[in-house]
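Working notes, structure below.
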2 protein chains.
Amino acid sequence: MATQDYQEDNTIPERPKVLIHRLPSFNLEFSCRLRTHFDLLDPLIDLPPADYFANVLALISVGPSPVTSDTLALLPSLQIVLGTSAGFDHIDLAECSRRGIAVTNAGTAFSEDVADYAVGLLIDVLRSISASDRYIRAGLWPIEGDYPLGFKLGCRRVGILGLGSIGSEIAKRLVPFGCRIAYTSRKEKPQFPFTFYENVYDLAANSDILIVCCSLTRETHHIVNKDVMAALGKDGVIINVGRGALVDEKQLVRFLMRGELGGAGLDVFDNEPYVPECLFELENVVLSPHVAAMTPESMEALQDVIFTNLTAFFSKQPLLSHVQND
Amino acid sequence: MATQDYQEDNTIPERPKVLIHRLPSFNLEFSCRLRTHFDLLDPLIDLPPADYFANVLALISVGPSPVTSDTLALLPSLQIVLGTSAGFDHIDLAECSRRGIAVTNAGTAFSEDVADYAVGLLIDVLRSISASDRYIRAGLWPIEGDYPLGFKLGCRRVGILGLGSIGSEIAKRLVPFGCRIAYTSRKEKPQFPFTFYENVYDLAANSDILIVCCSLTRETHHIVNKDVMAALGKDGVIINVGRGALVDEKQLVRFLMRGELGGAGLDVFDNEPYVPECLFELENVVLSPHVAAMTPESMEALQDVIFTNLTAFFSKQPLLSHVQND
């Protein structure tokens, strides 16, 4: 094991080695501060020295680049996996747990931007902003006349699936619009003044809008199934800024095509970058290429989270955004 | 003068006569309550009885249907004009004032919906929601890859031009996004905790985003001129949910085409339903067919405002949404 990267006095050694793990299609421009303090190696660019994989302690997994048990098996000394997303469904948490490997995520770096985007998608779906922009660009306003009315946001019952750092930011933003907020979460969170439902069915049955922003885990895979959609009802709107697989996409498409849901705002899909093409025809759906988290500001915040976690790890301090594998 | 519509004891007479004035392209489905309590006559549908125009006291002007001095000259007994918009630039206020005719507008019936829409347009422009929806529908995501980053809303300096009932609703909504709010208005409004600027130039020079939501009057015509746009700067964003003529549209188009503004979200235009077609090519502009105020809920609220104003007028009580002609 590469003990040279640990200091006995809990100070950080000079430029500890950190392996970058990424699919060729995912890149992250690491900050000067990260590059100055850590020796980042990206095998897609630089050849690793002999024994590098055997000794490296820390791995940054960029975006959805999968960290499987096979990946982990190549890195026998690994002690920490740093994800760069809020979600961690691409990391084999069970294997990490078995091997005592810590896992961190992006923490709250993306929470505000994702919350902003969720509100933007919601207003867009209810008030047909993207659809009426298309209407104008197609030259239809002078020909067809007034665009159909949208729906008021105020007084709508908004159900938030997952009142974590993103969900609570969404709720905070929607309060002054006059929305009535409820949620479901693993546990009730009495610090928030919102109605708690034990499960997503009861939440959907008592909501006009369902905002999906929980983590994707084995338990939450397809948590928004056809029964939830039926409970939400034919005027119901689904906003998904979590992960595609939180929603049963085939059923979602079926409900939307049949008019059994009122609309949807979707930033995430089952098989990105592929989006079910039949949705392209629908005016009550807003489609977005998994960008809710993405601003220059959130990218900077992410670098800070990675820096803080790496610094904490190499000086044996508590991690900033440790993912609980429970 | 048609005194039969006044009661000496301030009670409302039976079904007072109310004239509907509208362009053929603008219609409003009046509520059952309004039709029950008032005798509404729409000359585009029903022939007015003899002497009707000479005697009628109350006129509802639908949408932007112009109430000029010529219109007013046909109605010698007129005592009140009830507009159905928040704006009243289509009503000759000076002539009404000279003749002692009261003018009412939609009051706050539309404020929440317009504020919701302004926030929706703003998030859409900053985060490219409509543009990225187009990107997906054009099938470009799998071909061209990631969509360019948008900009974070939090910490942006938002300047509100007109902190009336709409502007203050916008401000309230933007606070939890972390925006820094400032405004200009005819007078400082110390009841709000936002920075006041004496004029729109200083406001623009100290803002990243300018939201235009004041009334269109002689004084505010083209209030957002090229100097204001230059002060806002090349990353600046203009959101207009007021009236087209508040902004010098030719200059706005020029600034946007040259990249001298960062973007715009426009619900209103100079010559609706005609939108400058060169804007159709721009990805940093969101175009909307004057629908910010329009939801079924706001239409209902409008009917309540008209009902309350008519009831007050015919019983000589204070009007709900009297437009001050100052």
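The chains referred to below are lettered A, B, ... by the order of the sequence lines, with proteins before strands, and numbering in each begins at 1. The model shown is predicted, which means the values in this text are computed figures rather than measured ones.
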Please classify the contact between [X] and chain A as side chain, backbone, both or neither, with a heavy-atom cut-off of under 4.5 Å.
X: B:L282; result: backbone
X: B:L126; result: neither
X: B:L149; result: both
X: B:A293; result: backbone

Using heavy-atom distances under 4.5 Å, tell me whether A:S288 contacts chain B through its side chain, its backbone, both, or neither. both

B:D146 side chain near A:P289 side chain, heavy-atom distance below 4.5 Å: no

Closest non-hydrogen atom pair, [X] against [Y]:
X: A:R127; Y: B:D116; value: NH1-CB, 4.2 Å
X: B:L287; Y: A:D133; value: N-OD2, 2.8 Å
X: B:W141; Y: A:P273; value: CE3-O, 3.3 Å
X: B:V275; Y: A:I136; value: CG2-CG2, 4.0 Å
X: B:D113; Y: A:K152; value: OD1-CG, 3.0 Å

Can you confirm whether more than 12 heavy atoms, excluding those of A:F280, are under 6.0 Å from its CZ atom? yes

Under a 4.5 Å heavy-atom criterion, the part of residues 168-176 of chain A in contact with chain B comprises A:K172, A:R173, A:P176

